[in-house]
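Okay, so here's the structure we're looking at.
Predicted, not measured: the structure shown is a model, and the values here were computed from it. In what follows, chains carry the letters A, B, and so on, assigned in the order in which the sequence lines appear, proteins first and then strands, with residues in each chain numbered from 1.
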Amino acid sequence: MFLATQAKIQQAVREFAHERYNLEPNVIVNQPPRPAMGDMALPLAMELGRRVGKPPRQVAEELAAELRNIAGVAKVEVAGPGYVNVYLNRADYAAGLSVQREQATAESASKPSGKIIVEHTNINPNKAAHIGHLRNAALGDTLVRLLRSRGNSVEVQNYIDNTGVQVADVVVGFLYLEKKSAADVAALISNPSVRFDYYCWDLYASVSHFYEEDSTRVELRGRTLQEIEHGGNEASRVAETVAMAIVRYHLATMFRLNVEYDLLPRESEILHLKFWDQAFQLLRERGAIYFETEGKNKGCWVMRQEEGNREVETGITTETEPQAGAEDTKVIVRSNGTVTYVGKDIAYQLWKFGLLGKDFWYRPFQSYPDGRVLWVSATEPDSSTPPTFGRGEKVYNVIDVRQSYLQNIVAAGLRALGYEEQAVRSIHFSYEMVALSPRCCADMGIELSPEDRKRPYVEVSGRRGLGVKADDLVDRLIQEALREVQARHTEESPEFRQRIARQIAIGALRYFLLKYTCNAVIAFDFKEALNFEGETGPYVQYAVVRARNIFRKLEAEGGRFDAALVTPAVLDRFLAAPDGDPYWELLFLASKLEAVTEQAIITTEPAAVAKYAFQLAQSFNNFYHRFRILTEQDESRKAFLLWLVEIVDRQLTATLDLLGIEVPEAM
RNA sequence: GCGCCUGUAGCUCAGUCUGGAUAGAGCGUUGGUCUCCGGAACCAAAGGUCGGAGGUUCGAAUCCUCUCAGGCGCGCCA
């Protein structure tokens, strides 16, 4: 309702500017500083006045006269230096809101016609997931929910690098450090008393020391990596079982956070199905890369960085003799003939857009309780009939900010091949890392070097085994939540309490990960992550639980909410200013969900939705405290209040769903 | 050296894309609400030269230039 109303007003303003002054301004709609000053504010007249040489207030008056004719507008006032403040017809607006939730509209800026691919999580399958990975998944999953809520078709991919060095390192650990066979490893995996991903977490850190003790051991990594890529040997068998066992742990961890995927494209299939060979051919044919015959990159296939990070030379050139072929090129194929990571990434990105001319085979990997089937790439067909994967129109890669440089090169690769459109629609959804606060390190008994201690935060490092494991954090949150639940619900069953505690814990965790904007480093701190009060997920959940308790109590007392009592006349009566202001403000805020969603998509900033959830919950809690509903004697006022609560419940539940947060039955 | 990001209340952060009315939250502090639709709540107070200096503008936390401080990138690693 908000989006449609806003669009209507913007359109009218554009027409006014065009017809009266032959201008096509960008129409900004603001919120007035105080609700009493109107529902929407247009600062345009100030700018317009200057451009046409008229007093802003005069232009504002002209515009106001125009807007008064719009259906749904109750009043228009000119204020201050030339603001045009619009007051909506509250009852009409409320009636419109009551009908149904807003669907994606034609002018929805965020909606392409085709499929959107979102790639996220992408954890190296060689150790347990940590909090940094949780941020990636929470952001990616929320983006998926936002896009789907606006009517987009979205495919979620979780790329599995099962043949990379990180897996190779753990394989080295098993084969050479622990001297285990493939059978030993398989036994370890099937041993129910071993948390295999935790086991590998420690082993991975041990391997780093193993290399440090004797630098000649590093060649084991290279050899193992080659064996894994080649296949058909002990190392590749260990790699395969380790990687997929850990993938299952990752999937289980993410499922605890309500994160699901559609497809697991694996590096091994990209390798065996020769995706790179195909991409290499394309890149050569179209001159996107060339063979370097001199300089430090002699013997490599390199790509020119068209307009990379390099600054354009100005008049006075400082004589620092530019290195031949150094600055603005990127090696794609090494002089030994092997492809770099970014080269493989270009091939994968081409496949995502359906531009590679090759496809994977697929087989079902697992099913989620809701019926969604997760598929995995395969080297050959089987009897299953997979949906069409890839061929996206737009691609979001959720990857942390440190990979910006490489993501730019991938996009540059598409451009060099002539795929300008796809390069533009390759979106690096970038976010900052999760680090550990000094206090957090102290809590965990992590020894810090003197220079680390001076820093504001310490980077998580899988290689050093430095970090908070995802499942440990989740377990601890559930434990904290359970303590609270047990204190409040002594008579409920253990299953009930466990379920509620889990929902609260996940609500707290996802909200915590989402409330920071993407370019803020999260300095992780247990005290803040375990907080259930103030600006937190449980605070928002609690608001909805309270709203629902009103209806529960009503029914328990034998009452019933009859929506038919809320007639246009009733809406008009109770929403009228000034007595209706508190109701109207709550209602108006609740109507903005779709607008907030649009904004969050356009700016790729899920934190905006988290912020909104908190504001709406806060506004409701204030309302809840201020007005008694069930004891209300006036039947039509009571019906009106119940109607309002129902709308807030609906919108707030929908908001939480976008954040991947469930509403507990009780709190 | 080059590129990107950050700097707003004691602490943690919104607000910067698209300049606009008295710069907002949470936590913490202090004081209040309390037999209720369950307080994981509500209200109030104190607390800010928006890192600094110029500039553009009727108007700048927001745009431009310079500068200081911190972080992250810049491999024939992934």
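Put simply, A:Y83 rests on the base of B:A21: the two rings are less than 5.5 Å apart at their centres and nearly parallel, under 30°.
Comparing A:L630 and A:R488 along RNA chain B, the residue whose closest nucleotide (by nearest heavy atom) sits nearer the 5' end is A:L630. The nearest heavy atom of RNA chain B to A:K344 and to A:A487 marks one nucleotide each, and the one closer to the 5' end goes with A:A487.
Under a cutoff of 6.0 Å and an axis angle of 45°, A:R476 and A:F526 form a cation-pi pair. Taking the ring axis of A:Y290 as reference, the NZ or CZ atom of A:R304 stays within 45° of it and closer than 6.0 Å to the ring centre.
Around atom CD of A:Q633, no more than 12 heavy atoms belonging to other residues, nucleotides or ligands sit under 6.0 Å away.
As judged by a 4.0 angstrom heavy-atom cut-off over every strand, A:F614 is placed among residues touching the sugar-phosphate backbone only. Counting non-hydrogen atoms under 4.0 angstrom, A:H428 reaches nothing in the nucleic acid. Residue A:E557 is out of contact with every strand shown, counting any heavy-atom pair closer than 4.0 Å. The residue A:Q615 sits apart from the nucleic acid: no heavy atom pair falls under 4.0 Å. When heavy atoms are screened at a 4.0 angstrom cut-off, A:K298 is found touching base atoms of the nucleic acid. Across all strands shown, A:I504 has heavy atoms under 4.0 Å from base atoms, whether or not it also approaches the sugar-phosphate. In this structure, A:V302 reaches neither bases nor backbone, as no heavy-atom distance under 4.0 Å exists between it and the strands shown. A:F532 comes within contact range of at least one nucleobase, with a heavy-atom separation under 4.0 Å. Among the protein residues, A:N85 comes within range of the nucleic acid bases, having at least one heavy atom under 4.0 Å from a base atom. Contact annotation for A:A543: no contact, since no heavy-atom pair falls under 4.0 Å across all strands. Within the nucleic acid shown, A:S335 comes within 4.0 Å of at least one base atom, counting heavy atoms only. Base contact: A:L406 has a heavy atom under 4.0 Å from a base atom. Within the 4.0 angstrom heavy-atom criterion, no nucleotide atom of any strand lies near A:A608.
A donor and an acceptor atom, one from each side chain of A:N621 and A:Y542, are nowhere located under 3.5 Å apart. A donor-acceptor pair shorter than 3.5 Å cannot be found between the side chains of A:N531 and A:T536. Side-chain contact of A:K592 with A:Q615: a donor-acceptor pair under 3.5 Å is absent, judged by distance alone. Side chain to side chain, A:Q403 and A:N397 fail the donor-acceptor criterion of an N or O pair below 3.5 Å. One side chain, A:R14 or A:Q11, offers a donor N or O that lies under 3.5 Å from an acceptor on the other.
If you take CG of A:N26 and C1' of B:G19, they are 13 Å apart, rounded to a whole angstrom. Distance CD (A:E459) to P (B:C72): 7 Å, rounded to an integer number of Å. The separation between A:R57 atom CZ and B:G20 atom C1' is 15 Å, rounded to whole Å. Going from atom CG of A:D525 over to atom C1' of B:G26 covers 14 Å, rounded to whole Å. What separates CE of A:M667 from P of B:G39 is a distance of 12 Å, to the nearest Å. In this entry the distance linking NZ of A:K527 with P of B:C27 reads 11 Å, nearest Å. Spacing between atom CG of A:L225 and atom P of B:C76 amounts to 17 Å, rounded to whole angstrom units. Put simply, CD on A:E484 is 14 Å from C1' on B:A41, counting in whole angstrom units.
Nucleotides B:U12 and B:G71, compared at atom P, are 15 Å apart to the nearest Å. B:U16 and B:U33: their C1' atoms are spaced 38 Å apart (whole Å). Between the C1' atoms of B:A41 and B:A78, the separation comes to 49 Å (whole Å). Nucleotides B:C27 and B:U22 place their P atoms 28 Å apart, quoted to the nearest Å. Separating the P atom of B:C5 from that of B:G48 is a span of 31 Å, rounded to the nearest Å. Here the separation of B:U62 from B:G51, taken at their P atoms, is 8 Å to the nearest Å. Of the P atoms belonging to B:C68 and B:A25, the separation is 36 Å, rounded to the nearest Å.
Below 30°, between 30° and 60°, or above 60°: for A:W276 and A:F280 the angle between ring planes is below 30°, a parallel geometry. The aromatic rings of A:F614 and A:Y539 sit tilted relative to each other, their planes meeting at an angle between 30° and 60°.
With respect to A:E535 and A:K611, a salt bridge is recorded, a charged nitrogen being found less than 4.0 Å from a carboxylate O.
At B:A41, none of the side-chain N or O atoms of A:R626 fall inside 4.0 Å of OP1 or OP2 (strictly under the cut-off). Contact annotation: A:N622 side-chain N/O to B:C43 OP1/OP2 distance is under 4.0 Å. Side-chain nitrogen and oxygen atoms of A:Y542 include at least one within less than 4.0 Å of the OP1 or OP2 phosphate oxygen of B:A40. Contact annotation: A:Q618 reaches the phosphate of B:G26 (side-chain N/O to OP1 or OP2, under 4.0 Å). At B:G39, none of the side-chain N or O atoms of A:Y539 fall inside 4.0 Å of OP1 or OP2 (strictly under the cut-off).
With B:A40, B:A21, B:G71 as the candidates, the nucleotide lying closest to the side chain of A:A79 is B:A21. Proximity note for A:M433 (side chain, C-beta onward) versus B:C72, B:C17, B:G38: the nearest is B:C72. Each of B:G39, B:A40, B:C72 was ranked by its minimum atom distance to the side chain of A:E533; first place goes to B:A40. In the set B:C37, B:C74, B:U18, the nucleotide with an atom closest to the side chain of A:I629 is B:C37. You'll find that the side chain of A:T340 is closest to B:C76, out of B:C76, B:C42, B:C37. Residue A:K330 places its side chain closer to B:G75 than to any other of B:C72, B:G75, B:A40. Closest contact between the side chain of A:P538 and the listed nucleotides B:C37, B:A40, B:C76 involves B:A40. Taking every side-chain heavy atom of A:N519 into account, B:U6 is the closest of B:A40, B:C36, B:U6. The side chain of A:D161 has B:A78 as its nearest neighbour among B:C42, B:A78, B:A40. Residue A:V485 has its side chain nearest to B:A40 when only B:A40, B:U18, B:C42 are considered.
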Sugar-phosphate atoms are those with a prime plus P, OP1 and OP2; base atoms are the rest. Using that split, label each nucleotide of nucleotides 56-62 of chain B B, S or - for protein heavy atoms under 4.0 Å, 5' to 3'.
-> --B----
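Between the side chain of A:Q166 and the backbone N or O of A:N126, no donor-acceptor pair lies under 3.5 Å.
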Dot-bracket assigned to RNA chain B with the 3.5 Å Watson-Crick/G-U criterion, [ ] for crossing and | for other-strand pairs, is (((((((..((((......[...)))).(((((.......))))).....(((((..]....))))))))))))....
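Between A:F627 and A:Y583, the distance from one ring center to the other falls under 6.0 angstrom.
Between the base of B:U18 and the side chain of A:Q599 there is a donor-acceptor pair shorter than 3.5 Å.
Closest heavy-atom contact between A:L42 and A:V86: CD1-CG2, 4.2 Å.
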